[in-house]
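Worksheet: one structure, shown below.
Order of listing sets the numbers, starting from 1, for every ligand and every atom in it.
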Amino acid sequence: MGMFDGKVGLVMGVANDRSIAWAITQALWAEGAEIGFTHRVNPGAERRIRRLVEGRQPRLLMSCDVQSDADIARVFAAAGETFGRLDFLVHSIAFASPYELRRSYLETSRAGWQQAMDTSVYSLVAVCQAAAPLFVEGATALTITYVGGEQVVPGYNLMGVCKAALEHSVRYLAWDLGRRKQVRVNAISAGAIRTLSSAGIHGFDRLRAHTVKKSCLGRTIEGPELGSTALYLLGPLSSGVTGETVHVDCGYSIVGL
Ligand code: 0WD
């Protein structure tokens with residue numbers, strides 16, 4: 001019997017088979033969860049995710065631009081019609097223009113800031129807001145952050161500031177949703193892993209190599225390690241845990257130099 005048998009949720013942010021959201025999906029499926037998916041509004045993104053999930057024939061697979069309130073409303077209305085409720089929600093989405101990420105933080109433009117904050121931070125608030133009426137008592141939400149939100153990681157720049165805001169949003173959302181429906185909201189702070197979006201981070205390969213040198217375990221993390229921590233945070237084993245950022249980074253973030 002799976003830990004997620006009879007549970008249904010939404011995973012937002014599978015771009016391809018290297019996505020963190022995909023590692024989480026596989027862990028959830030292995031434990032019996034039913035999952036609906038949203039992908040970015042882009043024919044390539046749709047093709048890639050359709051290919052990945054077709055064997056499972058998900059009842060919900062829709063595009064959703066998280067910068068659009070109308071899109072979010074459309075998706076959660078469909079989730080309501082299709083599933084009638086949500087036991088969990090995975091938000092694995094971030095974006096900053098590569099142009100902004102190549103520049104120093106000092107040179108961040110207003111438009112670049114707004115786009116990055118909107119896509120990477122406000123989107124979590126927006127989707128939790130839309131999901132709230134569907135969340136069952138004790139439902140869970142999860143997002144993904146990075147140590148660049150706590151410490152200066154040269155090259156991570158604007159996205160680091162987004163992650164700081166995201167982590168604090170997790171705490172405020174944990175308060176609001178916890179008081180309302182015992183809904184828990186947590187974040188995984190993931191170690192560096194090669195995906196479509198991390199490829200946009202300047203010096204990402206150097207950063208991964210540094211992880212091997214600096215982390216307690218002397219290696220980088222693997223997708224399944226993110227999947228298993230997601231199972232813990234989304235499921236009953238973490239029933240007393242909310243508003244937390246759990247580091248899954250081979251101990252990288254606890255080491256000073
Ligand atoms: O090392 C890493 N890869 C780490 C990633 C370390 C620590 C944290 N993270 C975070 C990212 O910042 C992000 O929040 O994990 C989350 C997932 O990132 P990922 O799995 O590394 O990246 P990817 O597979 O590219 O998924 C991010 C997706 C986008 O993919 P594409 O490549 O198609 O842009 O975020 C989605 C999109 O699917 N996305 C959007 N979805 C809806 N509306 C939007 C948008 N406006 N923008 C981006």
Side-chain angles (χ1 to χ4, degrees), residues 10-26 37-50 52-53 61-72 74-75 90-98 101 114-124 126-127 130 142-151 153 155-167 169-170 187-211 215 220-223 225-227 229-230 245-250 252-253:
L10 213 55
V11 172
M12 309 181 80
V14 176
N16 63 20
D17 61 356
R18 304 184 106 172
S19 296
I20 291 174
W22 182 241
I24 294 173
T25 294
Q26 287 176 299
F37 296 91
T38 69
H39 59 84
R40 198 178 188 160
V41 186
N42 170 309
E46 177 169 0
R47 241 191 343 269
R48 283 194 301 268
I49 191 170
R50 280 199 184 281
L52 282 177
V53 304
L61 174 56
M62 295 173 75
S63 68
C64 181
D65 177 2
V66 291
Q67 289 192 276
S68 156
D69 289 334
D71 257 27
I72 291 173
R74 186 175 53 82
V75 162
V90 176
H91 169 278
S92 184
I93 288 173
F95 182 78
S97 128
L101 290 176
Q114 285 170 346
Q115 184 190 29
M117 282 283 176
D118 190 23
T119 314
S120 314
V121 186
Y122 184 70
S123 61
L124 178 67
V127 299
L142 179 69
T143 189
I144 316 295
T145 184
Y146 180 63
V147 68
E150 301 163 61
Q151 298 165 6
V153 176
Y156 203 61
N157 305 349
L158 170 58
M159 190 50 74
V161 178
C162 289
K163 292 306 190 191
L166 180 72
E167 289 170 25
S169 288
V170 164
I188 288 178
S189 182
I193 188 164
R194 182 156 270 293
T195 62
L196 265 183
S197 60
S198 64
I201 310 292
H202 184 66
F204 181 78
D205 284 334
R206 257 190 304 131
L207 211 140
R208 282 200 73 199
H210 188 242
T211 306
S215 68
T220 54
I221 56 152
E222 304 288 340
E225 295 175 312
L226 295 172
T229 304
T245 296
V246 175
H247 294 83
V248 183
D249 62 357
C250 298
Y252 179 82
S253 54

**Report entry** Main-chain N/O of C64 paired to S68 side chain as donor or acceptor, under 3.5 Å
**Finding:** no

Query - Distance (rounded to the nearest 0.5 Å) between D17 CG and L196 CG - result: 9.5 Å

Query raised in the report: Which residue, I144, T25, V90, forms the side-chain contact (heavy atoms from CB on, under 4.5 Å) with I20?
Result: I144

Query raised in the report: Counting heavy atoms only, which of Q115, R208, R48, R40 is nearest atom 37 (C) of ligand 1?
Result: R40

Report summary line: A student checking ligand 1 against S19 at a 4.0 Å heavy-atom cut-off should list atoms 20 (O), 23 (P), 24 (O)

Query raised in the report: Got the closest protein heavy atom to atom 6 (C) of ligand 1, with its distance?
Result: A190 O, 3.6 Å

Report summary line: Per-atom filter on ligand 1: closer than 4.0 angstrom to a heavy atom of A192 are 1 (O)

Query raised in the report: Which atoms of ligand 1 are found less than 4.0 Å from any heavy atom of A15?
Result: 24 (O), 30 (O), 31 (P), 32 (O), 33 (O)

Requested in this report: Could you tell me whether some N/O pair between T145 and ligand 1 is separated by less than 3.5 angstrom?
Outcome: no

Requested in this report: Provide, to 0.1 Å, the distance between atom 12 (O) of ligand 1 and the closest protein heavy atom, together with that atom's residue and name.
Outcome: K163 NZ, 2.9 Å

Requested in this report: Give yes if a backbone or side-chain nitrogen or oxygen of I193 is under 3.5 Å from a nitrogen or oxygen of ligand 1, and no if not.
Outcome: yes

Query - R50 to F37 six-membered ring, cation-pi geometry met (6.0 Å, 45°) - result: no

Query raised in the report: Rounded to the nearest 0.5 Å, how far apart are CD1 of I93 and NE2 of H39?
Result: 11.5 Å

Query - Closest approach of any protein heavy atom to atom 45 (C) of ligand 1, naming residue and atom - result: V66 CG2, 3.6 Å

Query raised in the report: Is it true that R194 and D205 have a side-chain N and a carboxylate O under 4.0 angstrom from each other?
Result: yes

Query raised in the report: Given S189, which of V248, T145, V246, D249 fulfils the side-chain contact (heavy atoms from CB on, under 4.5 Å) condition?
Result: T145

Requested in this report: Name the option, out of S197, G148, S92, A116, that contains the heavy atom nearest to atom 22 (O) of ligand 1.
Outcome: S197

Query raised in the report: Got the closest protein heavy atom to atom 46 (N) of ligand 1, with its distance?
Result: D65 OD1, 2.9 Å

Report summary line: So the atoms of ligand 1 within less than 4.0 Å of a heavy atom of C64 turn out to be 42 (C), 43 (N)

Query raised in the report: Are K163 and Y156 close enough, and set up right, to give a side-chain contact (heavy atoms from CB on, under 4.5 Å), and what steps lead you there?
Result: CA-CA 10 Å; K163 292 306 190 191; Y156 203 61; 3.4 Å; yes

Requested in this report: Considering only non-hydrogen protein atoms, determine which one is nearest to atom 39 (N) of ligand 1 and report residue, atom name and distance to 0.1 Å.
Outcome: I93 CG2, 3.7 Å

Query - Any N/O pair I20/ligand 1 closer than 3.5 Å - result: yes

Query raised in the report: Hey, is the main chain of M62 close enough, under 3.5 Å, to the side chain of T38 for a donor-acceptor pair?
Result: no

Query raised in the report: N/O to N/O below 3.5 Å, does that happen between T195 and ligand 1?
Result: yes

Requested in this report: For G191, take its heavy atoms, then give the atoms of ligand 1 lying under 4.0 Å from any of them.
Outcome: 1 (O), 6 (C)

Query - Distance-only side-chain donor-acceptor flag, T220 / R208, under 3.5 Å - result: yes

Requested in this report: Would you mind checking which non-hydrogen protein atom is closest to atom 48 (C) of ligand 1, with the distance to 0.1 Å?
Outcome: A94 O, 3.6 Å

Query raised in the report: Ignoring hydrogens and geometry, is there a side-chain-to-backbone donor-acceptor pair from R40 to V14 under 3.5 Å?
Result: no

Requested in this report: Considering only non-hydrogen protein atoms, determine which one is nearest to atom 26 (O) of ligand 1 and report residue, atom name and distance to 0.1 Å.
Outcome: G13 O, 3.6 Å

**Report entry** Protein contact to atom 32 (O) of ligand 1 [nearest heavy atom, distance to 0.1 Å]
**Finding:** L196 CD1, 3.2 Å

Query raised in the report: About how many Å separate CG of L226 and OG of S92, when rounded to the nearest 0.5 Å?
Result: 9.0 Å

Requested in this report: Mind checking whether T119 contacts ligand 1 via backbone (N, CA, C, O), side chain (CB onward), both or neither, at a 4.0 Å heavy-atom cut-off?
Outcome: side chain

Query raised in the report: Measuring from the heavy atoms of S123, does anything fall under 4.0 Å of ligand 1?
Result: no

Query raised in the report: Strictly by modelled atom types, are H247 and Y252 linked by a side-chain donor-acceptor pair under 3.5 Å?
Result: no

